[in-house]
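Read through the structure below, which is laid out as C-alpha cells, and then see the notes.
Proteins get letters first, then strands, A, B, ... in listed order; numbering begins at 1 in each.
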2 protein chains.
Amino acid sequence: MIEASVKEEMKSIDTSSLVDRVEANLVGLLQQRKLKVGDAIPKEIELAETLGVSRTVIREALLRLRVMGLIESKKKKGAVITSPDLFGIIDKSMNPYILDQETLKDMFELRLVLEIGMADFIFHRVKKEDIDELKKIVSNEPHETEHYLFNIEHEIAFHGKLYEITGNNTLKKFQKLLLPIFDYVHHSGLLKKPANTKRFVSHKGLVDIIENGSPELFRNAMRNHLGNHFARIFE
Amino acid sequence: MIEASVKEEMKSIDTSSLVDRVEANLVGLLQQRKLKVGDAIPKEIELAETLGVSRTVIREALLRLRVMGLIESKKKKGAVITSPDLFGIIDKSMNPYILDQETLKDMFELRLVLEIGMADFIFHRVKKEDIDELKKIVSNEPHETEHYLFNIEHEIAFHGKLYEITGNNTLKKFQKLLLPIFDYVHHSGLLKKPANTKRFVSHKGLVDIIENGSPELFRNAMRNHLGNHFARIFE
DNA sequence: ACCTTCATTATGTCATACATAATACCTAAA
DNA sequence: TTTAGGTATTATGTATGACATAATGAAGGT
C-alpha cells in the first residue's frame, strides 16, 4: 500500500506533452503582458529555434491559440495577438446537433435566467430612442399579440433589442449564441408539455414597464411573460 | 465597375483552406449523427487516404476538434467522440490577464444577472438538505455577517451552493468560470467606486427567503444583497 | 505618378521517418 | 490453470526537409 503523502508527491510528475508546454509558455507571454493586442509574435522558425523544438510542435501550439482566439495568423505577416472573442470561440461547437440533451435543456433555462436577471441593466441604460424602437417593434407585431402563436422572428426582434439595451456586449453575443439552441429545444420533443399560446404579459406590457415602471416590476413581468417556457420545464 | 449581381456570384468562390474543408467535413459527420459519443473515428492515416490529403492536414483538423472539445485522442486508441463541455473549452482563454477590460466588466455584470435571474430554478428544485447545508455555511461565517468585509471564500461557498441548487450544470460551470474574473475585477481598479462594506440583505436573510418566501421576494433580496456591486457599476 | 512585375518572406501543405505510449498477445512461473 | 510480466503491435506524437501559396514591398516600365 502506498501512503497518501507519497501519492501526493507522485502526481506531480510532468505528464504534459511537448506541445502542452510550448502552449503554456506562449500563453504565459500573453499573461505577462509582454505582448499587447496587435503585436506580432515571432516567426514559427524563430520560435522553434529559440525553444529548441521542431516547427511541427510550434505550429500545433500556435494552432491551439488560434482556435482559442488568442492570435490570428496571416500569410506573410506572421501571427498577431488578438483580443479573444469568448463566444465566437464556442460558436462552432455550439451546435444543437452536437450537444447532448442535458446541455441543451440547460441552455434553454439559461436564457430565461438571463432575461429576468438583466432588468437593472436595462433600466439603468435605456435611452429614449430605445423605447421608441421597442414600440415600433411591438407595433409591427400581429394585432392579437396576446394570443398569437410563438413567432420566432418577432421574438428575436423584441428580445434581441432588450439585450442590446443592457449595453453588455458579451451578454448580447451570448444571446446570439443561445438563439439557435433555444429554437431547437422549443421545437424538438425535449420538453414534454406542448407550448401554450396563452400569455399573460405581452411585449407591449413589458415596454410600458420599462417606460414607467421599475426593475422589480420588470422582473416579475418578464417572469410572467416567459411563463409558458417555465411551465414546459417545470411541468 | 462591377455589377452587384456579379459581385454576389463572386463571393461564392471557395476561399477556405484545405484544413477548413476537412474540418467541416468531420463536423458534418458529427452533426449527421453518423457518429455517437464514445465512437472512435478513423485513424489519421485512413482519413488522410480517404480524403486524399496529407496526414498533416488531418492532424490539424482533428486538433481543432480537440481544442473545441468535440473529440479526445488517446495514444493507441485513436480519437473518440466526446460530448463537448462548452465552458471547459473557453476555460483556458478565459484568463483575466488576457481578456480586455470591456469584456471583464461584462463578465462581472453577467454574474449579477445570473444570480438574480435564477430565483425560480432555486425555488423549484431546492431540497430540504440544501437548505440545511446553506444554514451550515452561513453559521460558519463570521458573526458580524452584516458588516464584514467581502470574504471571498465564504462568498464562493454560499453563492456556489445556490448555483448548485438550480440543478443546471451548465450554469454551475459558467459560474466556476466567472469566479476568477469576478475576483480580478473586484480587486483591480476597473471599477471606480471602492467596495462598500455596508450590506442590506445578508446571506442568512437569503436563506430565510428560500425557506419561507417566493422567487419574487428572492430576486429583490438578491438584488439588494448585491447592491454594493451594482453601486460600483452604476456609480 | 501609376500600374505592373518580380523577388522575398512566412505560413500552408506534403512526405517520410522515428519516438512514445497504450493495448493485446504470449510466455513463463506459481 | 491462473496470473504476472514481458514483448509485439499500433496509432498518435515529434522531427526534418521540401515545396506551394499568398501577401508584401521594391524595382522597373509606361
| query | Hey, would you say the A:F230 and B:F121 ring centroids sit under 6.0 Å apart? | reply |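 Ring-ring flag for A:F230/B:F121: true, centres closer than 6.0 Å.
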
Expressed as a whole number of angstroms, how long is the span from [X]:[atom1] to [N]:[atom2]?
{"X": "B:L47", "N": "D:dA11", "atom1": "CG", "atom2": "P", "answer": "12 Å"}
{"X": "A:K76", "N": "D:dT24", "atom1": "NZ", "atom2": "C1'", "answer": "5 Å"}
{"X": "B:I41", "N": "D:dT12", "atom1": "CD1", "atom2": "C1'", "answer": "12 Å"}
{"X": "B:L63", "N": "D:dT14", "atom1": "CG", "atom2": "C1'", "answer": "14 Å"}
{"X": "B:L18", "N": "D:dC19", "atom1": "CG", "atom2": "C1'", "answer": "15 Å"}
{"X": "B:K74", "N": "D:dA11", "atom1": "NZ", "atom2": "P", "answer": "17 Å"}
{"X": "A:I58", "N": "D:dT16", "atom1": "CD1", "atom2": "C1'", "answer": "14 Å"}
{"X": "A:D20", "N": "D:dG13", "atom1": "CG", "atom2": "C1'", "answer": "11 Å"}

| message | Consider side chain to side chain contact (heavy atoms under 4.5 Å, CB included). Of B:L51, B:L47, B:V27, which one does B:V22 pass it with? | response |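 For B:V22, the side chain to side chain contact (heavy atoms under 4.5 Å, CB included) test succeeds with only one of B:L51, B:L47, B:V27, which is B:L51.
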
| task | Go through the N and O atoms of the side chain of B:S54 and the base of C:dA15, and report whether any donor-acceptor pair is under 3.5 Å. | result |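 A donor-acceptor contact between them is absent.
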
| field | Whether A:H159 and A:H203 hold their rings parallel, tilted or perpendicular, with breakpoints at 30° and 60° | value |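 Geometry flag for A:H203 against A:H159: perpendicular rings.
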
| field | Geometric class of the A:H229/A:F182 ring pair [parallel <30°, tilted 30-60°, perpendicular >60°] | value |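 Perpendicular, since the angle between the ring planes exceeds 60°.
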
| request: Measure the angle between the two terminal helix axes of the helix from C:dA1-D:dT30 to C:dA30-D:dT1, five base pairs each, and quote it to 10°. | output: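 Comparing the axis at each end, I get an angle of 0°.
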
| field | Pair A:K161 + A:E164: basic N to acidic O under 4.0 Å | value |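 Yes, this pair counts.
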
| Sidechain N-carboxylate O distance under 4.0 Å for B:K128, B:D132 |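 Yes, this pair counts.
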
| task | Starting from the 5' end of DNA chain C, give me the residue, A:T56 or A:L62, whose nearest nucleotide shows up first. | result |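 This one resolves to A:L62.
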
| Okay, side chain of B:N140, backbone of B:I137: is any donor-acceptor separation there less than 3.5 Å? |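 Answer holds: no.
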
| message | Less than 4.0 angstrom between a side-chain N/O of A:R55 and OP1 or OP2 of D:dA15, yes or no? | response |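 False: A:R55 side-chain N/O out of range (4.0 Å or more) of D:dA15 OP1/OP2.
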
| Under 4.0 Å between a side-chain N/O of B:R59 and OP1 or OP2 of D:dT12, yes or no? |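 False: B:R59 side-chain N/O out of range (4.0 Å or more) of D:dT12 OP1/OP2.
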
| said: Please compare A:K75 and B:K77 by the position of their nearest nucleotide in DNA chain D and report the one closer to 5'. | reply: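 First, find each residue's nearest nucleotide; the 5'-ward one identifies B:K77.
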
| request: State which of D:dT24, D:dA15, C:dG12 makes the closest approach to the side chain of A:V53. | output: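 The listed nucleotide nearest to A:V53's side chain is D:dA15.
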
